[in-house]
Amino acid sequence: MKTIKSPKKMSQAARDIVATGRTLALVPTMGALHAGHLALVDRARKAAEVVAVSIFVNPTQFGPDEDYLNYPRDTRRDLALLRERGVEIVFLPQVKDIYPDGYETFVTVEKLTRTLEGQSRPGHFRGVTTIVAKLFNICRPDVVVFGQKDYQQAAVLKKMTTDLAYPIKFIVAPTVRERDGLALSSRNQYFKAEQRKEAVCLIAGLRTAKQAFRHGETSVSAIRKIVKQESRRICPTVRFEYIAVTGFETLAPLKTLNKGAMLSLAARVHGVRLIDNLRL
Ligand code: PAF
């Protein structure tokens with residue numbers, strides 16, 4: 001496994017792969033890897049001959065009051081996991097090489113970023129699209145893989161890929177969950193053991209709501225109420241930022257539920273901000 005820090009060397013490595021007629025898949029990450037990331041790597045492996053993973057905690061996608069400085073970082077462990085998984089290249093750029101002094105160019109997807117996470121975290125997607133566009137330009141992948149847990153991120157990045165005509169196949173892989181249903185997230189590390197048990201409240205709320213939909217409930221406000229009630233039953237202190245029912249690719253809010261719509265939420269569980277979603 002090659003570890004590359006310099007963007008120039010990464011671009012050269014990508015050109016070398018193309019020169020040998022092989023295809024390259026990229027899995028962009030911010031490190032603190034877990035089984036969810038490794039599932040993205042496995043999906044990438046099926047789609048291309050060489051797999052590269054980038055690890056970069058991207059400062060421009062964190063708001064001033066968010067956890068950029070405290071975001072979990074454990075590069076040594078990440079590299080061991082990726083080596084074990086058979087990854088060929090790990091790209092580990094440094095902040096000064098991605099955003100050198102005087103940097104001022106950003107990529108924005110306009111409409112899709114105005115709702116949900118975009119509303120709760122102003123500027124977040126501008127940072128995400130900018131770093132991912134840079135990673136695309138540096139690594140020139142044939143295929144990229146993102147996770148369904150960050151479903152708005154996937155929709156925004158897919159739109160950017162199409163709009164900017166990147167010749168890249170865009171794959172969205174299913175959310176990986178713990179046995180009790182908690183979606184894997186690097187932020188789950190923030191929980192103490194007792195708090196962790198209650199973090200299951202979000203998926204419990206979503207699943208109960210999906211069941212109600214299956215039994216004929218189509219009112220958005222009733223569904224929101226069900227999510228809240230079930231989640232609070234398990235974790236009375238949970239604080240919701242949003243519970244939304246939207247079109248799958250449009251992200252447009254729906255007036256009534258229909259099959260294929262997305263039920264998504266963001267909430268703080270014991271102070272830890274989590275997002276999750278289920279497709280109806
Ligand atoms: O999902 C993430 O880990 C990040 O938002 C991404 C896509 C790697 C961009 O920094």
Side-chain angles (χ1 to χ4, degrees), residues 4 7 10 25-41 43-44 51-63 66-75 77-79 81-82 87 89-95 97-99 103 105-109 112-113 116-118 120-139 141 143-161 164 166 168-176 183-190 251 264 266 272-277:
I4 302 177
M10 181 62 229
L26 173 68
V27 180
T29 79
M30 296 205 299
L33 302 180
H34 49 65
H37 295 110
L38 300 179
L40 302 183
V41 168
R43 183 65 191 85
V51 176
V53 174
S54 61
I55 299 178
F56 181 66
V57 185
N58 174 36
T60 62
Q61 70 186 75
F62 289 80
E66 295 184 10
D67 54 349
Y68 172 65
L69 290 174
N70 299 326
Y71 195 82
R73 291 163 171 87
D74 192 345
T75 308
R77 180 176 170 275
D78 290 346
L79 292 177
L81 287 170
L82 296 175
V87 165
I89 299 176
V90 182
F91 179 41
L92 272 170
Q94 291 178 282
V95 174
D97 293 327
I98 295 294
Y99 301 114
Y103 186 88
T105 304
F106 289 83
V107 177
T108 310
V109 172
L112 288 180
T113 60
L116 310 174
E117 288 299 286
S120 283
R121 304 179 69 188
H124 169 67
F125 284 121
R126 178 177 180 260
V128 171
T129 40
T130 300
I131 184 59
V132 172
K134 282 203 82 155
L135 291 170
F136 284 3
N137 294 339
I138 294 165
C139 306
V143 181
V144 285
V145 187
F146 292 93
Q148 175 70 22
K149 184 177 81 70
D150 298 293
Y151 112 92
Q152 186 179 15
Q153 169 172 282
V156 167
L157 291 172
K158 195 169 175 194
K159 186 82 177 91
M160 179 192 83
T161 305
L164 296 184
Y166 283 110
I168 297 175
K169 182 172 173 193
F170 198 99
I171 296 176
V172 182
T175 302
V176 179
L184 295 191
S185 161
S186 304
R187 291 192 169 99
N188 293 349
Q189 300 184 22
Y190 295 150
L251 304 185
S264 61
V272 180
R273 188 176 191 280
L274 297 179
I275 56 173
D276 203 351
N277 59 69

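Both ligands and their constituent atoms are indexed starting at 1 by order of listing. Quick caveat, the model's predicted, so the values are computed rather than measured.
Scanning all protein heavy atoms for the shortest distance to atom 3 (O) of ligand 1 gives Met30 CG, 3.6 Å.
Listed by chain and residue number, Thr60, Gln61, Tyr99 satisfy the side chain to side chain donor-acceptor pair (under 3.5 Å) test with Asn58 (two or more places apart in sequence, or in another chain).
Within the 4.5 Å cutoff, the side chain of Ile275 has no heavy atoms near those of the Tyr151 side chain. A heavy-atom distance below 4.5 Å is not found between the side chains of Leu135 and Phe56.
Annotation: cation-pi geometry not satisfied between Arg43 and Phe170 (NZ/CZ under 6.0 angstrom from ring centroid, within 45° of ring axis).
The Phe146 neighbourhood of ligand 1 comprises atoms 7 (C), with distances under 4.0 Å to a heavy atom of that residue. The atoms of ligand 1 that sit less than 4.0 Å from any heavy atom of Ile131 are 9 (C), 10 (O). Under a 4.0 Å criterion applied to the non-hydrogen atoms of Gln153, ligand 1 contributes the atoms 1 (O), 2 (C), 4 (C), 5 (O), 7 (C).
Checked by distance only, ligand 1 and Gln61 come closer than 3.5 Å through their nitrogen or oxygen atoms. Close N/O approach between Thr29 and ligand 1 is not found [any backbone or side-chain N/O within under 3.5 Å].
Of the possible donor and acceptor atoms, none in the side chain of Thr130 sits under 3.5 Å from a partner among the backbone N and O of Phe106.
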